[in-house]
Amino acid sequence: MERERTTAFSEACNAGEPAVAPDGKGDPFAWFASMLPNCLEYAKAAKAEGRPIVGITCEYTPRELIVAAGAVPVCLCGGSADTIPTAERDLPANLCPLVKSTYGYHAEKGNPLLEMADLLVVETTCDGKKKMYELMAESRPVHLLELPQKAEDDAAFEHWAGELRALVAVLAEKLGGSPSQDGIESAIRAMNRERSLRRDLAALMQSDAPPLTGRQLLDCRSIIAGVPVALEQYERTLDMLRAGEARGEMNSGVRVLMTGVPIVRGAERVVDIVEGAGGLVVCMENCTGVKPILDDVAEGTPDPMHAIAEKYFALPCSVMTPNERRQTTLRQLAEEYRPQCVIELIWQACLTYDVESFFIRRLAEEELGIPYLRIETDYSPSDSARIETRVQALFETVRGRSVAETRRG
Amino acid sequence: MICAGIDAGSRTTKIALMGDGDEVLLASAVGEPGACTATQAEELFEKTVAQHQVDRDRIGRVVATGYGRAALQMADTTVTEITCHARGVQFLEPRAATVVEIGGQDSKIILLDGNGGVRDFVMNDRCAAGTGRFLEMVAERLDVGAVGLGELAAGSQKPATINPTCAVFAETEIIGLLSAGAKPQDVAAGVQETVATRMATLAVGRAERPVVFAGGVALIPGMASALSRALACQVEVASAPQLTGAIGAALIACREA
Ligand code: SF4
Ligand code: SF4
């Protein structure tokens, strides 16, 4: 039983053999390929030094406050189909696979990082997650931040800022680490550094012939925020790719802007289908792409708590209403990355992104003037051939249009 | 030169041969229904070529489409059935604005761009509820063929109500209806309505007139009128509904040659 329980995570861990020592020498892509085992090692070492582990599952969670409290923020989002049957014993089948997979790890005790966690910090985002946390809280320490959902409302923002102040107190009480103003400021700088490196990596895709693929970019991520070795790896990857670009190493294909739900480790199937069918995912607007790294936290302000609250509250997730900012971001990204089509990924039963797809389709077709394809699926591969056909047809349309335009022009 | 299109569907293979200069349909064939293999598709192709005394050497280019397109060794390229149906329907019915295509495994709504291409499309997801396979399944249960299903449905005064969202639920419902004494003709008509409703849901009010109905299911009596009711507009059956994909593939082969 013990073996079975850890399968999904250990499989994910074994997906990339650690080709580099955790000190990060060697091919940086290899470090990211072994990111899970590397992060696990890092967390174990931190824990042994007495640093608490804090599990997080969303981009609204202010990493800075956790880091400033001396703890390690670890993302626990599930990307494995294998844990879903266990989750469905307690949860309805008709629920987002991201929620089910995450819960499945919890129920199977299958994610060593979750098992190590001293506290989970979560938010009231979508109903699926929110109610799932209640089940997790039966057996684990969970602190819930109430995320108000009127994105443009001052009182809503004030409430959020209050929730973050309360979080500082909770971290002090539960983990014993009361962050100083200076500690918060230095965490802000560290997280900004990480965001800016990831932004630079993403920006390489703005090129007409980018030196990496969308899938490679997606893999260049760490599930623990602020790991010093990871920061080094981002830098080395950037250097390597810029040198590669200078040597003329490049990728091509139909330029795709992906949007919608997050694509966590293990759930990259649709990205692979898109790039396998002749596409190049030049930008992912979602939470595992650029959405959380576009804005930094203001540095050196008299009230860093306020600066943190502002940055996170501005995140354009579909749980917000209205969520105009997401469209503003997409317009901006379309200008910078020059996509030829928009593909929106919706996890089955993700109501908020599903409903919002109405606006995104309209934006793509009427404003940006490019074709839009909506793909609704879950973690099981049974519809891969069908998704592939739709993506291929989309690309045929895009190519057909550009031929027609060349002729006209 | 002659160009060929092979539509290797999930239930039948369709072949079209066209002259590339004048884009005239020289020969066509529709295979026997059943699970299709690449070998069967290639055999049908050779048979068609022989039967119509087409000079094998003049066949310049072969485009494969459909569910099994990737498995056809003899094809020069593959193109999706969405692009091919759009092309084929616009060749047969130049005025068409929308194609409703119901095939064996999947169904689609294609909005046309008026130049032979696709403006937008939607396709069914995993569920078989709006497909030929579903109709076939019900026909088997009622002990009639797919065409027989249509004939049976014609005699219905009061089509049964069947949930359109899931093929598996629908089958359970049908068994329930029959054992509760529902008339087979009402079940048959109900199933047709269900498939049509499912297509209308897929179209979400975006189907523009004229709507052309293609795919093997268009040949089943009563389906076109069920679809017309569901979409609230007159639906025309394509002049060779089973062949639109193969014709489109052959036309694309002509263009690429
Ligand atoms: S999509 Fe929304 S709920 Fe999901 S991680 Fe991002 S911000 Fe959180
Ligand atoms: S994808 Fe949607 S349903 Fe799933 S966790 Fe994120 S917001 Fe919730």
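Just so we're on the same page: letters track the sequence lines, and every chain starts at 1. Values in this document were obtained by computation on a predicted structure and should not be read as measured data.
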*Checking heavy atoms, do the side chain of A:Ile375, its backbone, both or neither come under 4.5 Å from chain B?*
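It is neither, since no heavy atom gets under 4.5 Å.
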
*Non-hydrogen atoms of chain B under 4.5 Å away: do they reach the side chain of A:Phe395, the backbone, both or neither?*
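Looking at A:Phe395, nothing touches chain B.
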
Neighbour count >12 (heavy atoms, 6.0 Å) for atom [atom1], [X]:
X        : atom1 : answer
B:Tyr67  : OH    : no
A:Arg331 : CZ    : yes
A:Glu324 : CD    : no

*How close do A:Arg361 and B:Arg206 get, heavy atom to heavy atom, and via which atoms?*
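Minimum heavy-atom contact is NH1-NH2, 3.3 Å.
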
*asked:* Give me the atom names and distance for the closest heavy-atom approach of B:Met123 to A:Arg386.
replied: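 Of all heavy-atom pairs spanning B:Met123 and A:Arg386, the closest is CE-CG, 3.7 Å.
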
*For the side-chain contact (heavy atoms from CB on, under 4.5 Å) test, which of A:Leu394, A:Thr397, A:Thr389 pairs with B:Ile82?*
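Result: among A:Leu394, A:Thr397, A:Thr389, A:Thr389 is the only option passing the side-chain contact (heavy atoms from CB on, under 4.5 Å) with B:Ile82.
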
_Segment of B:Asp120 engaging chain A (4.5 angstrom heavy-atom cut-off)_ =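 Just its side chain gets close to chain A.
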
*Name of the residue among A:Glu396, A:Arg390, A:Gln392, A:Glu388 meeting side chain to side chain donor-acceptor pair (under 3.5 Å) with B:Thr80*: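 For B:Thr80, the side chain to side chain donor-acceptor pair (under 3.5 Å) test succeeds with only one of A:Glu396, A:Arg390, A:Gln392, A:Glu388, which is A:Glu396.
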
*Can you tell which of B:Asp113, B:Val118, B:Val122 has the highest number of heavy-atom pairs within less than 4.5 Å of chain A?*
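When all of B:Asp113, B:Val118, B:Val122 are compared, B:Val118 has the most.
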
